[in-house]
Amino acid sequence: MNTLHFRRTAVAVAAAAVLPFSLAACSDSGTESSSGSTASQEATPSAAESMPAMAADKPFGPACAGVPADGAGSFDGMAQDPVATAASNNPALSTLVAAVKQAGLVDTLNNAEDITVFAPTNEAFAKIPKVDLDKVLADKATLTKILTYHVVGQKLTPKQLENGSFETLEKSTLTTAGSGESFKVNGTSNVVCGNVKTANAQVYIVDTVLMPK
């Protein structure tokens, strides 16, 4: 009888000794899990914050949808070539490319460093009466004056276009205004596909041919 009582007492003492350690282990495990969850939650906003910055660096505008998805005329393809060559691979800029060749500016643009080109679409040139356009294309001096007015001697970010005034290679000034993905040049010409990168230039495709003031 005394032996049985002694054994029960020993078991109770052992259980009492082990129980605090078990509870402590459970508590530590819960702390680690909570800590890991917190670390994971803290890492998530950082990744999310980087996404807008990446998106902001991509081309924007309604006409960007018409750019080929792959090949030399795609955004990735254009980024590999200097600006005149890159433009020649974009079907929407064929009139501009013909004008640049007519003016003898291909090498000038391709060899320039860190420039911005406001590139009129074929539709932009189509707004000019054919008689007047043919006259300009036949006059190299006038054509050169107009085309170099579309070029700024620095790479411009969309942020700089929000309220900008820039000297062109033609030596006159053009102005830009807007925000987000909506910008105008000289108050009339809309940027229809902006922030397009080539090997040596930033390109903003516009819907109206700009005229020197």
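We count residues from 1, following the sequence as given. As the structure is a prediction and not an experimental result, all values here were calculated from the model.
Annotation: the span from Thr142 atom OG1 to Lys145 atom NZ amounts to 8.5 Å, rounded to 0.5 Å.
At most 12 heavy atoms of other shown residues, nucleotides or ligands fall within 6.0 angstrom of atom CG in Asp70. Around CG of Asn122, the count of heavy atoms belonging to other residues, nucleotides or ligands within 6.0 Å exceeds 12.
Using a 3.5 Å distance cut-off with no hydrogens or angles, the side chains of Asn186 and Tyr149 do pair a donor with an acceptor. The closest side-chain donor-acceptor pair between Thr208 and Lys127 falls under 3.5 angstrom. Side-chain polar atoms of Asp207 and Thr121 form no donor-acceptor pair below 3.5 angstrom.
Looking at Thr116, its side chain does come within 3.5 Å of a backbone N or O of Leu156 through a donor-acceptor pair. With hydrogens and angles disregarded, no donor-acceptor distance shorter than 3.5 Å links the side chain of Ser189 to the backbone of Val185. Side-chain atoms of Asn111 come within 3.5 Å of backbone N or O of Asp107 as a donor-acceptor pair. At least one donor-acceptor pair closer than 3.5 Å links the side chain of Asn200 to the backbone N or O of Val83.
At a threshold of 4.0 Å, the pair Lys130-Asp134 counts as salt-bridged, since one of the basic side-chain nitrogens sits closer than that to a carboxylate oxygen.
Sorted by first and then second residue, the salt bridge (charged side-chain N to carboxylate O under 4.0 Å, His left out) pairs with a member in residues 109-118 read Asp114-Lys155; sequence neighbours excluded.
Taking 4.5 Å as the limit, every side-chain heavy atom of Lys159 sits out of range of all side-chain heavy atoms of Leu161. Residues Val152 and Leu169 have side chains not in contact (no heavy-atom distance under 4.5 Å, counting atoms from C-beta outward).
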